Amino acid sequence: MARKLKWASLLLVAVMLILSGCGAKEETAANEAKTGLSADEISNEAFKDLFPLQYDSYLKNEEMEDTKYSGSEKRSKFDHDKEPYLPILFNGYGFATEYNEDRGHIYALEDVREIARITDKSVGSCLTCKSTAVPHMIEEMGDDYWGGNFNEEIWPKAESMGHSPIGCSDCHDPETMDLRVTRPSFIKGMEAQGIDMSNPTKNDMRNYVCGQCHVEYYFAADNSEVTYPWDNGFKPEDMYEYYETVAKENGFNQDWIHNVSGTPILKAQHPDFETHMTGPHGEAGVTCSDCHMPYERADGKKKISSHHWQSPLKTMEQSCATCHSNRDLDELEERVMDIQETHMEALHKAEDVSITSHYYVNKMITSGVSENKIKAAQEHVRKGQWFWDIVAAESAAGFHNPQGAMDTLKMSSEESFAAIKLATEELVKKGVNIEELDKEIEKVKKAVYEEVDNFKKKDLATNDYFPAQQPK
Ligand code: HEC
Ligand code: HEC
Ligand code: HEC
Ligand code: HEC
């Protein structure tokens, strides 16, 4: 009871802070006058002279510094201290070739241009969360934008429009600086869940501007449109249900066929918004901007919202102490570390079981087990990987929803174990030596782990014992 009261008063303080705009915050053009900018302005530089403090803050997104589990250095996720086995889990898909940690917004265009996952077949949808030209291209081209050829058509067009990487116009109306949502997929996704988008509060908008990009999505089967699987809710099991029903009815079955187990797999993408909204802070009305855009004193006196989007662990004084004023910040940071360590341990366990399940199914295929038993095992493998990946792809190492992530990882392990159990029963009937199979799995994992060239890791995930299950 006392605990509840404590949180209730914390929340009240938070709400007051938000409503009063922190009291001392100076009035800016954002609150009243027109800026004189064109409604179509998409260049960050156009905002520079009008809002020098926010612009300077934005430029700090160039800084690169890692925290224990996150941060902003350009790093491969396949490095030994990160996730060296991902080339097995994503085998047969672009994410097994190159997959990097995220970094500052300012690098979004450079990074999408350089990543090996962009090929001559890539579509316009890949630019959707990177460039300020996207809303105008959608307006101009309609649904042709999504499926337009990335290299041939979409990128050159965005360049000729003078686009910026994730910029002011993505979140602000250039004429009034009011917050706005510029990605139509977000509005469609929210409305599909029955959420009224006609009149969001200012506090809602402090989540929504981020939720337009930091979400799970897929490309629709008919026109490659970026689509959010939210009809049934934000939880991983709600989204899975969507993929098994609505998405399948509309012709979308999988992102790719797994090269080890032949399973149709769904690739999860950074569901920071969904995870946060269903987590303790989201449910208490705390927003992304509270932690990731805290008020700071810019030129020694004026208070602005930080436009340096980074790990809040680097700014706990501004990001957390506003609400957790009764806590020692070192102790609070330790609490975050505890959450993250427990989380990463559970994540790696679930990942390991998922890997094993893929190889067991590979052995079912090469041992001549019946088609329907293989299909049944693949169902479990698909679910096991989904419930692992939707947690792994999230950006906060468990912090945005600690308990939710643990529950989801439990579901993942249960599904992967179910696949292994089913496979074992069938393999034993076929006289397969399970001990030898387990040894071969250890060998193949070791080979992937020890390969120093991250681009070659994927090629070592299959071998003579575990032949590839799809044409190269
Ligand atoms: C209560 C504070 C809080 C809220 C609210 C919050 N986050 Fe976070 N976020 C964190 C913490 C803490 C981390 C972990 C940072 C680390 O490990 O260094 C994090 C990590 C991240 C990262 C990865 C950062 C990096 O350095 O790579 C992203 C991206 C992110 N959050 C986006 C969001 C979005 C989008 C929302 C809203 C939908 C949100 N966060 C809401 C505290 C918060
Ligand atoms: C990812 C979304 C996003 C981007 C990109 C963005 N802003 Fe903001 N901006 C916000 C949010 C959220 C607030 C806080 C609004 C509130 O709560 O009233 C804000 C507030 C502001 C304010 C009001 C004063 C303040 O500091 O709170 C100004 C002015 C502003 N931004 C300018 C800019 C400029 C200039 C750029 C481009 C260099 C930019 N913003 C890019 C989300 C964004
Ligand atoms: C238009 C799409 C878009 C919007 C809007 C957006 N983001 Fe991002 N965000 C990205 C992309 C893309 C990246 C990764 C960029 C890269 O790695 O090149 C990213 C990276 C980040 C990071 C990681 C930075 C680091 O140091 O590793 C944080 C934190 C973050 N965003 C928070 C937010 C918050 C908070 C909001 C809302 C206020 C927001 N983003 C709005 C697309 C967006
Ligand atoms: C706008 C207010 C607000 C901000 C900002 C905020 N929190 Fe919280 N925090 C809350 C509320 C409210 C709860 C209680 C939620 C519940 O228990 O239902 C909470 C709960 C927590 C908890 C879980 C309870 C506990 O003590 O173990 C942790 C950990 C936590 N916050 C850490 C952080 C960190 C770290 C930051 C900064 C990155 C942060 N919070 C920023 C309001 C905030």
Side-chain angles (χ1 to χ4, degrees), residues 3-4 6-8 10-11 13-15 17-18 21 25-26 28-31 44-45 47-48 50-55 57-59 61 63-67 70-74 100-112 128-132 134 164-172 177-179 181-183 202-203 205-214 270 272 279-281 283-295 298 302-316 319-324 327 329 332-333 335-336 338-339 395 399 402:
R3 205 181 111 87
K4 274 255 169 323
K6 191 179 81 192
W7 288 125
L10 256 182
L11 187 60
V13 171
V15 169
L17 273 175
I18 291 159
K25 201 177 128 219
E26 301 210 352
T28 62
N31 299 329
N44 281 336
E45 285 62 47
F47 294 78
K48 181 179 170 188
L50 285 162
F51 307 105
L53 300 181
Q54 285 81 7
Y55 185 83
S57 174
Y58 162 82
L59 287 183
N61 289 294
E63 287 172 14
M64 289 185 248
E65 187 200 341
D66 267 353
T67 57
S70 311
S72 35
E73 294 202 39
K74 189 176 181 182
N100 297 325
E101 292 288 338
D102 60 11
R103 56 175 178 159
H105 281 172
I106 219 160
Y107 295 107
L109 290 178
E110 185 183 324
D111 290 344
V112 74
T128 306
C129 281
K130 316 289 192 287
S131 155
T132 54
V134 168
S164 294
I166 307 165
C168 320
S169 62
D170 283 326
C171 303
H172 293 284
M177 293 307 275
D178 286 342
L179 291 181
V181 171
T182 48
R183 302 307 192 265
K202 203 171 154 187
N203 205 43
M205 289 304 287
R206 291 167 57 88
N207 277 323
Y208 291 177
V209 286
C210 317
Q212 10 181 18
C213 298
H214 287 266
H270 39 71
D272 305 322
H281 282 103
E283 285 185 342
V286 183
T287 69
C288 319
S289 308
D290 292 326
C291 295
H292 288 278
M293 298 185 68
Y295 293 116
K302 272 199 192 127
K303 267 192 178 177
I304 63 155
S305 307
S306 168
H307 281 63
H308 181 188
W309 299 275
Q310 59 179 338
S311 163
L313 298 182
K314 298 176 189 166
T315 55
M316 287 186 69
S319 292
C320 320
T322 35
C323 297
H324 295 285
R327 306 250 321 233
L329 281 186
L332 191 63
E333 186 170 5
R335 177 80 196 105
V336 177
D338 278 351
I339 291 171
S395 306
F399 177 79

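Here the structure is a predicted model, which is why all the values come from computation and not from measurement. When a ligand or atom number is given, it counts from 1 through the structure's own listing order.
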From the candidates [options], the one that places a heavy atom nearest [atom]:
atom: atom 20 (C) of ligand 2; options: K302, H172, Q54; answer: H172
atom: atom 35 (C) of ligand 3; options: R206, Q310, H292; answer: H292
atom: atom 25 (C) of ligand 4; options: R327, H324, M316; answer: R327
atom: atom 18 (O) of ligand 4; options: P280, C291, S311; answer: P280
atom: atom 36 (C) of ligand 2; options: G167, S164, C168; answer: C168

Heavy-atom distances under 4.0 Å are what count here, so tell me which part of [X] touches ligand 2: side chain, backbone, both or neither.
X: I304; answer: both
X: K303; answer: neither
X: L53; answer: neither
X: M293; answer: side chain

For [X], atoms of ligand 2 separated by under 4.0 Å from a heavy atom:
X: F47; value: 35 (C)
X: K202; value: 16 (C), 17 (O), 18 (O)
X: M177; value: 30 (C), 32 (C), 33 (C)
X: L179; value: 10 (C), 11 (C), 12 (C), 15 (C), 42 (C)
X: S289; value: 12 (C)
X: C171; value: 1 (C), 2 (C), 3 (C), 4 (C), 5 (C), 42 (C), 43 (C)

Using a strict 4.0 Å cut-off to heavy atoms of [X], name the atoms of ligand 4 that fall inside it.
X: P312; answer: 38 (C)
X: S319; answer: 5 (C), 37 (C), 41 (C)
X: V336; answer: 35 (C)
X: C323; answer: 1 (C), 2 (C), 3 (C), 4 (C), 5 (C), 42 (C), 43 (C)

For ligand 4, the portion of [X] having any non-hydrogen atom under 4.0 Å away:
X: C320; answer: both
X: E283; answer: neither
X: L313; answer: neither

Q) Looking only at N/O atoms, are H307 and ligand 2 under 3.5 Å apart anywhere? A) yes
(Q) Using a 3.5 Å cut-off on N or O atoms only, is Y55 in polar contact with ligand 2? (A) no
Q) Are any of the N/O atoms in R335 less than 3.5 Å from those in ligand 4? A) yes
**Q.** Min N/O separation H281 to ligand 4 under 3.5 Å
**A.** yes
Can you list everything that forms a side-chain contact (heavy atoms from CB on, under 4.5 Å) with [X]? Sequence neighbours excluded, please.
X: D338; result: R335
X: H292; result: P312, H400
X: T128; result: S125, V134, Y145, W146, R183, V226

Can you report which non-hydrogen protein atom sits closest to [atom], along with the distance?
atom: atom 27 (O) of ligand 3; result: G71 O, 2.8 Å
atom: atom 26 (O) of ligand 3; result: S72 CB, 2.8 Å
atom: atom 14 (C) of ligand 3; result: R103 O, 3.6 Å
atom: atom 5 (C) of ligand 3; result: V209 O, 3.1 Å

**Q.** Residue pair Q212 / T182, side-chain donor-acceptor N/O under 3.5 Å
**A.** yes
Q.
Is it the case that ligand 3 has an N or O less than 3.5 angstrom from some N or O of T128?
A. no
(Q) Is there a polar contact between ligand 3 and D111, counting only N or O atoms under 3.5 Å apart? (A) yes
Q | ligand 3 contacted by K74 (non-hydrogen, < 4.0 Å) | A | no
Q.
Can you confirm if the aromatic rings of H105 and Y58 lie within a centre distance of less than 6.0 Å?
A. no
Q. Taking atom 8 (Fe) of ligand 3 as the center, what protein N, O or S atoms are found at less than 2.8 Å?
A. H105 NE2, H214 NE2
